[in-house]
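Whatever order the structure lists ligands and atoms in, that order sets their numbers, starting from 1. All heavy atoms count here, side chains included; hydrogens, waters and symmetry mates do not. Index from 1, following the sequence.
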Amino acid sequence: MITDKTIKEIHSGLKRRDYSCVEIIEETYKNIEKYDSEINSAITVLDKKSVLKKAKAIDAEHKVSDLLCGIPFVLKDAYVTRGIRTTCASNVLADYIPQYNATVYKKLNDLGAVLIGKMNQDAWGHGGSTENTDFAPTHNPWDLTRVAGGSSGGPAAALAGRMSVFAIGEDTGGSIRNPAAWCNITGLKVSYGRVSRYGSIAYASSFDTVGPMGKTAEDCAIILERIAGKDPYDATSSLNPVPTYTASLDKTLKGKKIALPKDLLGKGLDPEIKNAILEAAEKFNFLGVAVEEVSMPIFDYGLAVYYVIAPCETSSNLARYDGIRYGNDRSNFTEETMRRIMIGTYALSAGYYDAFYRKAQKARTLFIKAYQDILSKFDAILMPVNPTPPTVIGELIGDPLQNLLADFYTVTQNPVGVPSLAVPCGFTKNKLPIGMQLIGKMFTEEILLNIGHQYQLVTDWHKKKPEMIS
Ligand code: GLN
């Protein structure tokens, strides 16, 4: 299949005319027709005829100057797209047709990348399993009885199911990394401000990040190079120059240092995931990296900090959906979303603000210091993405507390702002994917992608695809 290939490989094939853009798009739609009735990765699939028209124009001009030109991609349905329904997986926005484009979409569209669909997710980003959606859960292509992860579960499942070549996810507390790990793909949570959030439907504005999902670290580097940078429409986007991420991929890892917080590999972590992480550490040793044990006891407070600040910010952000200006009325919010609005409103109210919100913000500063402390001595921190393999559908959504505990490893990076790359690193004996994450200093995506790429040169976990996808 053409869609098994990486972006660079597809691009070379297009240039050599081994196949046309039309053929790639045909294959993508064929896979959607074949698999998505079972996987349910998409909320909206774009009209095939109009997408093919775009592909034909690309073929006619043979203008494949850019690596992304003619490459199919999908967006998490949290990005506004002019004239294309954007739901954020909520009935509140069930019929919402935006009037403008998210910056990330505009940039990709301008380069000739071909949008295929708007994908399923947990509504408003609230969740880690794509079960909290008004459009039915997304099923994991590796085991249809299980969840794809979340909240960007639709994009991850679409990639595993070869219904797209790359995707744009959104990560507030793990939403790119968690489904990437559970669907065996590669995903990057960028440094806060690295990519413009303009047109990204806000969950928790001081945590939200826009990032790439692909088959490999190299694919993520190619995408990030093109979507990163200052945007006049997003005051929090960074002026930091955008490096040519792909130029660093081939650097040797000799002399690099990775921290392994052993205290986070104890109780609560699935033993098969623990083993996969330890094996990855050995692989890094083999690549010339010095892996040293550290401890991060502050993690005990991570969920508490995140699940105070994120609901506070979301209660404020979702106040705009009052049913007056646009969207359906708020009775359409799911139970999980209502719970978060209530918790946030409570924690922000007079009398409780100091006890909860301000305290959580102070603890957030302690997290920033803890990460700075370790990352001043190391290039990256290695840890699991999920404590367990993908859960059976119904398990997490039916147990709200368990649902939050599943975010243990991914919710502390966003309050701090640091980047983190999720990379496939093994399988359970039941053939369920396992992922690891590599966390770096602010704006060191370059280093993380280099480490991820070198790891993928000596492993082939990322090349495996689900049995049902033939
Ligand atoms: N699972 C986390 C939450 O529910 C993270 C979601 C996200 O990153 N959007 O808040």
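For the pair G174 and ligand 1, a heavy-atom separation below 4.0 Å is found.
The backbone N or O of S420 lies less than 3.5 Å from no partner atom in the side chain of Q413, so there is not a single donor-acceptor pair. A distance-only check finds no donor-acceptor pair linking the side chain of D231 to the backbone of Y198 [under 3.5 Å]. Remark: side-chain polar atoms of D77 are paired, donor with acceptor, to backbone N or O of T87 under 3.5 angstrom.
If you number the atoms of ligand 1 from 1 as listed, the ones under 4.0 Å from a heavy atom of E170 come out as 9 (N). Remark: ligand 1 atoms within the under-4.0 Å shell around heavy atoms of G173 are 5 (C), 7 (C), 8 (O). Atoms of ligand 1 found under 4.0 Å from any heavy atom of S151 (numbered from 1 in listed order, with element): 7 (C), 9 (N). Atom numbering of ligand 1 starts at 1 in the shown order; those under 4.0 Å from a heavy atom of G128 are 1 (N).
Remark: ligand 1 and G127 share an N or O pair separated by less than 3.5 Å (distance only, no angle test). Among the atoms of K76, none of the N or O lies under 3.5 angstrom from an N or O of ligand 1. Between Y203 and ligand 1, at least one N/O pair is under 3.5 Å apart.
Here the options are Q456, R177, H462, the test is side-chain hydrogen bond (donor to acceptor under 3.5 Å, both in side chains), and the partner is T186; only Q456 passes. When each of Y301, Y307, Y306, F299 is checked for a ring-ring contact (aromatic ring centres under 6.0 Å, His included) with F408, only F299 meets the rule.
Using cut-offs of 30° and 60° for the angle between ring planes, the Y203 and H126 rings count as perpendicular. The aromatic rings of F427 and W461 lie tilted to each other, with the angle between the two planes from 30° to 60°.
Both the backbone and the side chain of S175 come within contact range of ligand 1, each with a heavy atom under 4.0 Å. Contact annotation for Y307 and ligand 1: only side-chain heavy atoms (C-beta onward) come within less than 4.0 Å of the ligand. Contacts between Q121 and ligand 1 below 4.0 angstrom, taking non-hydrogen atoms only, are absent altogether.
Of the protein's non-hydrogen atoms, the one nearest atom 2 (C) of ligand 1 is D407 OD2, 3.2 Å. Of all protein heavy atoms, the one lying nearest to atom 5 (C) of ligand 1 is Y306 OH, 3.3 Å.
E279 has no carboxylate O lying under 4.0 Å from a charged side-chain N of K283, or vice versa, which leaves the two without a salt bridge.
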Checking D373 against K369 for the salt bridge (charged side-chain N to carboxylate O under 4.0 Å, His left out) test, could you report, in this order, the C-alpha distance in whole Å, the side-chain angles of both residues, the deciding distance, and whether it holds? CA-CA 6 Å; D373 185 36; K369 288 191 176 136; over 6 Å; no
